[in-house]
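Before any comments, here is the structure.
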Amino acid sequence: MKATTGKRPFALTRNRLLTIIALAAFAVLAIIANSFFDAFMLRVFNMCAIYIVLALSLNLLNGFTGLFSLGHAGFMAVGAYVCALLTMTPELKEMNYFLVPIVPWLRNITIPFLPAILIAGLASAFVGFLIGAPVLRLRDDYLAIATLGFGEIIRVLITNAQPITNGAQGLKGLPRYATTFSVWVAAGLVTLFMVLLMRSSYGRAMKAVRDDELAAEAMGINVFRVKVTSFTVSSFLAGVGGALLGHMITTIDPKMFTFMLTFNILLIVVLGGIGSISGSVISAIVVTILMEALRFLDEPMNLIFFKTEGLPGLRMVVFSILLMVMVIYRQRGLMGNKEFSWDMLQGLFVKKGRKEGDHV
Amino acid sequence: MSENTSDLMLSTAHLTMKFGGLTAVSDLNLEIRKNEIVGLIGPNGAGKTTAFNVITGMYYPTEGKVLFKGRNITGLKPHSITALGIARTFQNIRLFKEMSVLENVLVACHMSINTGIFGATLHLPGYRSRESEARRFSMELLEKVGLVHLAYEKGTSLPYGQQRRLEIVRALATKPKILLLDEPAAGMNPQESRELMDFIRKIRDEFDLTIFLIEHHMQVVMGVCEHMYVLDYGVTIAHGDPASIQKNPKVIEAYLGVD
Ligand SMILES: Nc1ncnc2c1ncn2[C@@H]1O[C@H](COP(=O)(O)OP(=O)(O)OP(=O)(O)O)[C@@H](O)[C@H]1O
Ligand SMILES: [Mg+2]
């Protein structure tokens, strides 16, 4: 081989090779997980993927466009419900809607998962667009409050539209379509989408809006359009995430989609680094696993000297403290707004190596 | 002026901007011709920046209108005004703080890259060629103003003078017909100011521009401006060529105790 690979459109550099190896290793891990993990562990593993989708969708808004939105759970609810209603069989719907019968036009619709999830995303995007157009004229904290309000409104609407959504009873027994394969493909595609978007001129325009709205506008960027686009796309992704979540837990009800859910995703985004794709991915995995690993905190504990009765919510206290510590000591989160790279990893080890060398 | 009006680049008619009870700009009537370098001077708080903000669509004027090449542009959004060919810099530098020098310039090319979110994300061929054209154009601009060696540095990490220069380059990247500079020499020593004025003249010639610039030290722009407007408390107290401005008793009075 000659060392003239530089001009080839796809040169196999060391970093690319490492990336390919890492992805292949992950694929193997996913296959192993899928066939050997017990049901609980597999669920946690797959939940990581769903939270990656959700964290990235929120980061697109908060981190990359500088729009502080707190209505995410509402868009997830729209996606979850639309997808569920599209995939459930008429018999299943019959069984669920025992208090108030389902509206006839929804009763007989049953379509496969892939088109259903896309329609769910589009429905959520449409709602996002309708809400975004008026709300995005507001600034900063007003925007947060308004989106928080809209998130709640969506939830209340779902609770009350009983002939369509089955109200507070929720929907049970959704087909378990969110397989290891489908959730991780979704996570992969969304990550890829974000990486490509942020490397493009449109991504730059979003970051310009985040950094300085006035200057962005003066550079000829239609700030309002960029904001609405970002909000709509983010809603689409939230809808897809919500749909995946529904088809993984197989039960959805309005109470799932409270502000707490938005808070969990916000936590992931802030811990990972506002404006970092790799930060969100790493943080989604770490937080999801920790959430499950720390579940024992909520349960009664026997600490030899004293027993706790079980404090439901202690887990969230731990996470909230973690968040506060992060905000105080490492404001920009794990990754700041940087992205993971192999060179960065190498830099980490080289520095360490040098330090060790100093001591010898 | 007796010349024909066809080379009129930017003009305003009875432009007035009030903030509550305060009249920041009052009955401003500008006439800026193609390839001129025109100065807008006046003491602190005279309403110079406000005039820029109204011209570039950041504020909607209380009265009057703004005409660009004879077309009424009053009330257009700032980004549409930029698209027509009016670019500006800011008095307090407003670079994109998380971006490199090159990216700052590329943002200004977004308009000419003219892409939707999907075309850009999928890197469709049309987008790709326009993006690489924008990169080439941006590097060329940076080369021309001597910032190319700093292309990958963070914009806000540059020394002050270079940040000002970068703001100008960024504005140039929108391919303007007229460039509005808000106190470009602020914070510079006399030597740097002189260099900047040469630079402004150079870009005017090279990019076939018209330049409208704010300065509150009259002396700085005396040499470079062909025409000047003097504001004081929002009122145009004088306009004309630098020599006549310098002798104007109203101007001298307004500037008494300032310089
Ligand atoms: N958005 C605003 N709301 C209220 N008042 C304003 C606003 N912008 C400017 N002003 C007021 O209008 C007057 C003119 O301000 P402007 O910034 O245009 O002055 P300037 O000539 O640019 O001064 P400087 O040399 O200090 O930059 C000032 O009294 C200022 O306080
Ligand atoms: Mg000013």
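In what follows, chains carry the letters A, B, and so on, assigned in the order in which the sequence lines appear, proteins first and then strands, with residues in each chain numbered from 1.
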- prompt: Do B:Lys175's NZ or CZ and the ring of B:Phe207 fall within the cation-pi criteria of under 6.0 Å and 45°?
  reply: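 The answer is no; the distance or angle limit is not met.
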### Query
Quick one: does NZ or CZ of B:Arg94 land under 6.0 Å from the six-membered ring centre of B:Phe90, within 45 degrees of the ring axis?
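Yes, a cation-pi geometry holds between B:Arg94 and B:Phe90.
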May I ask you to decide whether [X] forms a salt bridge with [Y], counting only side-chain N to carboxylate O separations under 4.0 Å?
{"X": "A:Glu213", "Y": "A:Lys227", "result": "yes"}
{"X": "B:Glu167", "Y": "B:Arg170", "result": "yes"}
{"X": "B:Arg204", "Y": "B:Glu36", "result": "no"}

Please determine, among A:Asn222, A:Leu197, A:Thr229, the option with the most heavy-atom pairs under 4.5 Å with chain B.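 Looking at each of A:Asn222, A:Leu197, A:Thr229 in turn, A:Asn222 comes out on top.
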Structural part of [X] lying under 4.5 Å from a heavy atom of chain A:
{"X": "B:Glu103", "result": "both"}
{"X": "B:His110", "result": "both"}
{"X": "B:Thr56", "result": "neither"}
{"X": "B:Arg128", "result": "neither"}
{"X": "B:Leu106", "result": "both"}

Margin query: Among B:Ala83, B:Cys109, B:Gly116, B:Ser80, which residue has the highest count of heavy-atom pairs closer than 4.5 Å to chain A?
Written below: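 Highest number of pairs under 4.5 Å: B:Gly116.
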Discussion item. As an exercise: rank B:Glu98, B:Arg88, B:Lys97 by heavy-atom pairs under 4.5 Å with chain A and give me the winner.
Written reply: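 Ranked by contacts with chain A, first place is B:Glu98.
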Exercise for the section: Would you please say whether a donor-acceptor pair under 3.5 Å links the side chains of B:Asn104 and A:Arg204? Expected result: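 No, because no side-chain N or O of B:Asn104 sits under 3.5 Å from a partner of the opposite role on A:Arg204.
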Review point. Going by atom types only, do A:Thr65 and A:Arg210 share a side-chain donor-acceptor pair under 3.5 Å?
Key: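 There is no such pair (donor and acceptor under 3.5 Å, judged by atom type) between the side chains of A:Thr65 and A:Arg210.
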Heavy-atom contact with chain B under 4.5 Å, split by part of [X]:
{"X": "A:Val233", "result": "side chain"}
{"X": "A:Leu214", "result": "both"}
{"X": "A:Met194", "result": "neither"}

Ring-plane angle category for B:Tyr59 and B:Phe19, please: parallel below 30°, perpendicular beyond 60°, tilted otherwise.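 Ring orientation, 0 to 90° scale: perpendicular.
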